Novice: 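If you scroll down you'll find the structure; I have some questions about it.
Bear in mind that the values here come from a model prediction, so they are computed numbers and not experimental data.
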Amino acid sequence: MIDHSDRSSHPPRAANWLLGLFFSKDQITPILGDLVEEFSAVVLRKGVRSAQRWYWRQSVRTVFHLFDAQLRIAPWQSLAALIAGLLLMWIANMPLLGGYLEQWPGDWPDPLRLAWMACAPMLPFADLIFPPLLIAWAIARMSTRREMVITMMLSVTVAAARLIAVLHYDSVAGIPAVWSPFWLADPTGVVACPIAILAGGMIARKMAPVTQSAVD
């Protein structure tokens with residue numbers, strides 16, 4: 001039985017937010033207008049819940065279409081931005097999580113040494129958040145009209161690399177060379193780094209010019 005009890009229901013706000021990340025403000029208005037019009041028609045035919053599921057499907061399809069279109073427009077630029085982001089994150093991640101920092105406070109005055117010892121446990125977690133966020137923000141800002149596409153590519157690639165490293169370096173004796181992928185083998189980083197990358201990309205996307213088009 002079709003539920004007509006809430007014909008005035010609005011489309012899912014989370015779906016609209018998702019579309020707003022990938023489309024510029026001047027493009028999102030007509031897109032949302034078409035989707036909302038169809039949403040109202042589906043509500044009348046099939047009910048609110050079916051209409052919300054339909055709205056989500058259409059929103060995701062629209063995002064994937066834009067993702068594919070932007071990659072086709074500038075594949076080499078997108079690949080270069082991805083590689084640049086990965087290299088910067090690799091450089092930022094290599095030596096900072098090891099035991100090298102523990103030797104630094106040895107000759108410091110007691111107040112500084114104690115302050116360092118109090119802050120040191122937070123350094124690995126901070127390294128998983130701030131460098132990826134800043135690097136993703138910088139790469140996204142340089143990727144005009146492809147901020148979230150590059151961000152998504154970077155986030156998924158980093159998550160996959162860290163997951164592979166965790167599975168590969170399940171049991172390692174001692175600290176390997178600085179250039180080793182061991183530095184990616186942190187279970188917390190599998191989740192924290194991709195989230196930080198997405199946050200950096202979203203900040204860059206929100207700072208994009210209002211008249212910027214999503215697709216050339």
Novice: List the steps, then state whether side chain to side chain contact (heavy atoms under 4.5 Å, CB included) holds for Arg162 with Cys193.
Specialist: CA-CA 9 Å; Arg162 284 188 169 274; Cys193 282; 3.4 Å; yes
Novice: Under 3.5 Å, is there a donor-acceptor pair between the side chain of Ser155 and the main chain of Thr151?
Specialist: no
Novice: Verify the cluster assignment for Ile195 and Val190: are they in a single hydrophobic cluster under the rule of side-chain heavy atoms below 4.5 Å apart?
Specialist: no
Novice: Could you walk me through whether Leu154 and Met89 satisfy the side chain to side chain contact (heavy atoms under 4.5 Å, CB included) test, starting with their C-alpha distance in whole Å, then the side-chain angles of each, then the deciding distance to 0.1 Å, before giving a yes or no?
Specialist: CA-CA 10 Å; Leu154 195 57; Met89 290 185 186; 3.5 Å; yes
Novice: Taking C-beta and beyond as the side chain, do Phe67 and Met153 meet within less than 4.5 Å on heavy atoms?
Specialist: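 Yes - at least one pair of side-chain heavy atoms lies under 4.5 Å apart.
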Novice: Once rounded to the nearest 0.5 Å, what's the spacing between atom CG of Leu44 and atom CZ of Phe39?
Specialist: 10.0 Å
Novice: Flag the pair Met152 / Leu198 as yes when at least one side-chain heavy-atom distance between them is below 4.5 Å, and no otherwise.
Specialist: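 Yes, side chains in contact.
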Novice: Any chance you could lay out the side chain to side chain contact (heavy atoms under 4.5 Å, CB included) test for Glu38 and Tyr55, step after step, and finish with the verdict?
Specialist: CA-CA 9 Å; Glu38 291 292 333; Tyr55 197 90; over 6 Å; no
Novice: Check for me, please, whether Val36 and Trp54 land in the same ILVMFWY cluster - side-chain distances under 4.5 Å, paths through other members count.
Specialist: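 Shared cluster, yes.
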Novice: Do you know the tightest heavy-atom contact between Ile197 and Pro132?
Specialist: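 Shortest heavy-atom contact: CG1-CB, 3.9 Å.
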Novice: Determine the minimum heavy-atom distance between Ala140 and Gly201, stating which atoms define it.
Specialist: CB-CA, 4.2 Å
Novice: Would you call Trp17 and Arg13 a side-chain contact if the rule is heavy atoms closer than 4.5 Å?
Specialist: no
Novice: Are Ile139 and Met142 side-chain neighbours, meaning at least one heavy-atom pair lies under 4.5 Å?
Specialist: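 When only atoms from C-beta onward are counted, Met142 and Ile139 do touch, with a gap below 4.5 Å.
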Novice: Could you measure the distance from the OG atom of Ser40 to the CZ atom of Arg45? Nearest 0.5 Å is fine.
Specialist: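 Nearest 0.5 Å value for the OG-CZ distance: 11.0 Å.
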Novice: Would you compute the distance between atom CD1 of Ile83 and atom CG of Leu88 and round it to the nearest 0.5 angstrom?
Specialist: 12.0 Å
Novice: Are Leu19 and Val42 connected, step by step, through hydrophobic side chains (Ile, Leu, Val, Met, Phe, Trp, Tyr) whose heavy atoms are closer than 4.5 Å?
Specialist: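 Yes, Leu19 connects to Val42 through the hydrophobic network.
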Novice: Looking only at heavy atoms, what is the nearest atom pair of Pro75 and Arg72, with distance?
Specialist: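 Closest approach of Pro75 to Arg72, heavy atoms only: CD-O, 3.5 Å.
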Novice: Report whether Val63 and Leu32 are members of the same hydrophobic cluster (ILVMFWY, side-chain heavy atoms less than 4.5 Å apart, transitive linking).
Specialist: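 Val63 clusters together with Leu32.
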Novice: Is any side-chain heavy atom of Ser78 closer than 4.5 Å to one of Ile150?
Specialist: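 Yes; the side chains approach each other to less than 4.5 Å.
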Novice: Set out, in order, the CA-CA distance, both residues' side-chain angles and the distance that settles side chain to side chain contact (heavy atoms under 4.5 Å, CB included) for Leu86 and Leu82, then state yes or no.
Specialist: CA-CA 6 Å; Leu86 292 174; Leu82 174 63; 4.1 Å; yes
Novice: Below 4.5 Å, heavy atoms only, C-beta onward: do Glu147 and Met202 meet side chain to side chain?
Specialist: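 The answer is no; the side chains never approach within 4.5 Å.
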Novice: Between Leu35 and Ser59, which heavy-atom pair has the shortest distance, and what is it?
Specialist: CD1-OG, 4.4 Å
Novice: Could you tell me which non-hydrogen atom of Gln52 sits nearest to which non-hydrogen atom of His10, and how far apart they are?
Specialist: NE2-O, 4.2 Å
